[in-house]
Amino acid sequence: MGMEIETTEEGLLARAPAKLNLHLSVSPPRADGYHDIDSIFQAVSLYDEIRFAPAAGDEISLVEDGIAEAERNLVYRAAVLLRDLGRARGKECGGVRISLCKHIPFGSGLGGGSSDAAATLVSLNRIWGIGATRDDLVALGARLGSDVPFFLFGGTARCRGRGELVTPLHDLFDAAEPLHYAILAPAIHAPTPQVYAALDRLRSSGIALTQTSVIDSIARVDLLELSAKGAVFSNDLEMAAYRLFPELEEIASRMRQEPFLSVRMTGSGSALFGLCRSAQEAARLTDRLRAQLGENVRVRVFGVQSLPGLRWTDRDGSARRR
Ligand code: C5P
């Protein structure tokens, strides 16, 4: 299941999935400080839960894991941005109580904050009856963060620009069996700007090379087979994150002793993921790593599978499972 939205007695309940970057190549910095990327994003079955309840007045309130959240939270900012669009279109957009229950580790490269923001756009579009199209929400999402547009498509997609230019690969990947992964999320918060800056430094000192992304040289139909084998792909931010957080590289080395098809970091880290041959293998390896690593390192281990893309019905401005 991708982003899932169900009706409850109070309003709506959204389940916002995490993502893995199966491949991530990074260009030198642009004039605006961002980096162009060429990446394959994959939504996976680890979810945050967000409840939306219409409320009297016109206040937007947000509670995260029982604690009132500040206005800098991406969910709150998504709600405000969408309300502005709705009101500009003559909709009332009344008050709403939002409560967020986090399961996706923060600062881990798993895209939890971005996914929560995307789920907020879709849910409140429905509650407020704004009728915004996916293109409308993608434009708002890109203002909130580079990874937000991806979550309005879900499934598997190639993302370029600073991440906001999304080309879905659903037709290719959704027809195949899901892929299974073990995710290891150490208790390390890897700030994205710092990891990108560390890569720039490694490149200017000649330690890391700037390479063109392999994706253009691969036939589209081969992307699925290569993803299923964990072959060819890489993440340019790995070396930078390992320099900043050497213990991450130790965990990656430990994972490489297990029979994963590949071991890689997602986004700017700190989570690492191993591709498994089957759901059974993922369950076995997650249990093993949880038992072994848990003793020495503060790390959370999840077994997940790849999710299909979202089907979008602009008629009611909602996203459904494909
Ligand atoms: O877009 P977002 O707010 O998620 O980006 C956070 C930070 O990550 C940016 O300010 C930038 O430092 C870095 N970044 C980047 N290139 C990207 C995406 C993010 O340099 N493509």
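All of these numbers come straight from a predicted model, not from anything done at the bench.
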- Message: The test is side chain to side chain contact (heavy atoms under 4.5 Å, CB included); show your working for Leu82 and Leu137 and say whether it passes.
- Response: CA-CA 8 Å; Leu82 185 71; Leu137 299 189; 3.7 Å; yes
- Item | Residue pair Leu179, Leu275: steps toward the side chain to side chain contact (heavy atoms under 4.5 Å, CB included) verdict | CA-CA 8 Å; Leu179 300 178; Leu275 173 62; 4.2 Å; yes
- Separation of Ser108 OG from Met265 CE (nearest 0.5 Å): 11.0 Å
- Item | Note, Val44 side chain near His180 side chain (heavy atom, < 4.5 Å) | no
- Task: Quick one: pull up CD in Glu247 and CZ in Arg298 and give me the separation to the nearest 0.5 Å.
- Result: 11.5 Å
- Message: Does this structure show an ion pair linking Arg288 with Glu258, if we count only N-O contacts that are shorter than 4.0 Å?
- Response: yes
- Of all heavy-atom pairs linking His170 and Thr156, the shortest is CD2-O, 3.3 Å
- So Arg97 and Ser61, side chain to side chain contact (heavy atoms under 4.5 Å, CB included) or not? Walk me through it. CA-CA 5 Å; Arg97 272 199 329 272; Ser61 64; 3.4 Å; yes
- Query: Nearest 0.5 Å, what's the OG1-CG distance between Thr120 and Leu12?
  - Reply: 11.0 Å
- Would you find a donor on one side and an acceptor on the other, under 3.5 Å apart, between the side chain of Ser115 and the backbone of Gly111? no
- Message: Quick check against the 3.5 Å criterion: does Asp136 have a side-chain atom that pairs as donor or acceptor with the backbone of Thr133?
- Response: yes
- Item | ring pair (Phe, Tyr, Trp, His ring centres under 6.0 Å) partners of residues 246-278, not counting sequence neighbours, each pair once | Tyr181-Phe273
- Query: Do you know which two heavy atoms are closest between Pro54 and Gly11, and how far apart they sit?
  - Reply: CD-CA, 4.2 Å
- Without swapping roles, check the side chain of Thr286 against the backbone of Ala283 for a donor-acceptor pair under 3.5 Å. yes
- Task: Using the salt bridge (Lys or Arg N to Asp or Glu O under 4.0 Å) rule, take Asp116 and Arg15 through it: C-alpha gap first, then chi angles, then the decisive distance, then the call.
- Result: CA-CA 8 Å; Asp116 297 344; Arg15 281 155 46 91; over 6 Å; no
- Does a side-chain heavy-atom distance below 4.5 Å link His35 with Asp200? yes
- Message: Show me the pairs that pass salt bridge (Lys or Arg N to Asp or Glu O under 4.0 Å) and involve residues 228-237, at least two apart or across chains.
- Response: Arg203-Asp236, Glu225-Lys229
- pair Glu238-Arg264: side-chain heavy atoms closer than 4.5 Å: yes
- Is atom CZ of Arg30 surrounded by more than 12 heavy atoms (other residues, nucleotides or ligands) closer than 6.0 Å? yes
- Message: Side chains of Leu307 and Glu4, heavy atoms from C-beta outward: is any pair under 4.5 Å?
- Response: no
- Query: Between CD1 of Ile98 and OG of Ser123, what distance do you get to the nearest 0.5 Å?
  - Reply: 9.0 Å
- Task: Over all heavy atoms of both residues, which pair between Leu144 and Ala117 is shortest? Give the atoms and the distance, please.
- Result: CD1-CB, 4.4 Å
- Task: Would you mind reporting whether Arg243 and Leu202 have side-chain heavy atoms less than 4.5 Å apart?
- Result: yes
- Message: Counting C-beta onward and ignoring hydrogens, is there a side-chain heavy-atom pair between Leu13 and Ile50 closer than 4.5 Å?
- Response: no
- Counting distance only, does the side-chain N/O of Asp58 pair as donor-acceptor with the main-chain N or O of Gly94 below 3.5 Å? no
- Find out if a path of hydrophobic residues (ILVMFWY) with successive side-chain heavy-atom gaps under 4.5 Å connects Leu22 to Leu226. yes
- Message: With a 4.5 Å cut-off on side-chain heavy-atom distances among I, L, V, M, F, W and Y, is there a chain of contacts connecting Leu74 to Leu121?
- Response: yes
- Item | OG on Ser114 to CG on Asp147, rounded to 0.5 Å | 4.5 Å
- Item | Charged N-O contact under 4.0 Å between Lys102 and Asp48 | yes
- Message: Go through it in stages, so that I can follow the logic: the residues are Arg311 and Asp174, the test is salt bridge (Lys or Arg N to Asp or Glu O under 4.0 Å), and I'd like the CA-CA distance, side-chain angles, deciding distance and then a yes or no.
- Response: CA-CA 12 Å; Arg311 188 167 48 105; Asp174 289 4; over 6 Å; no
- Message: The test is salt bridge (Lys or Arg N to Asp or Glu O under 4.0 Å); show your working for Arg158 and Asp38 and say whether it passes.
- Response: CA-CA 7 Å; Arg158 182 177 181 183; Asp38 191 1; 2.8 Å; yes
- Query: What do you reckon, are the aromatic ring centroids of Phe106 and His189 less than 6.0 Å apart?
  - Reply: yes
- Dump the intermediate steps for side chain to side chain contact (heavy atoms under 4.5 Å, CB included) on Met3 and Leu310, then the final yes or no. CA-CA 7 Å; Met3 178 200 297; Leu310 294 177; 4.1 Å; yes
- Task: For the residue pair Asn21 and Ile40, establish whether any side-chain heavy-atom pair is separated by less than 4.5 Å.
- Result: no
- Answer yes or no: is there a donor N or O on one side and an acceptor on the other, between the side chain of Arg134 and the main chain of Leu152, under 3.5 Å? yes
- Reported SG-to-CD1 distance for the pair Cys93 and Ile130, which is rounded to 0.5 angstrom: 4.0 Å
- Task: Could you check if a side-chain atom of Phe41 sits within less than 4.5 angstrom of a side-chain atom of Leu169, using non-hydrogen atoms only?
- Result: no
- Task: Specify the closest pair of heavy atoms between Pro17 and Ala43, including all atoms of both residues, with the distance to one decimal.
- Result: CG-CB, 4.4 Å
- Smallest heavy-atom separation, Phe151 atom then Leu110 atom, equals CZ-O, 4.4 Å
- Full working for salt bridge (Lys or Arg N to Asp or Glu O under 4.0 Å) between Arg89 and Asp84: CA-CA 9 Å; Arg89 294 187 179 181; Asp84 290 347; over 6 Å; no
- Message: Let me check something: do Phe52 and Val63 share a hydrophobic cluster, defined by ILVMFWY side-chain heavy atoms less than 4.5 Å apart, either directly or through other members?
- Response: no
- Note on the structure: Looking only at heavy atoms, the pair that brings Ala14 and Ala119 closest together is CB-CB, 4.1 Å
- Okay, side chain of Arg160, backbone of Ser39: is any donor-acceptor separation there less than 3.5 Å? no
- Verify the cluster assignment for Phe150 and Leu165: are they in a single hydrophobic cluster under the rule of side-chain heavy atoms below 4.5 Å apart? no
- Item | Sidechain-backbone polar pair: Arg300 side chain, Leu184 backbone, donor-acceptor under 3.5 Å | no
- Are the side chain of Thr266 and the backbone of Gly109 linked by a donor-acceptor contact shorter than 3.5 Å? yes
- Is there a path from Val214 to Leu20 through hydrophobic residues (I, L, V, M, F, W, Y) whose side chains come within less than 4.5 Å of each other? yes
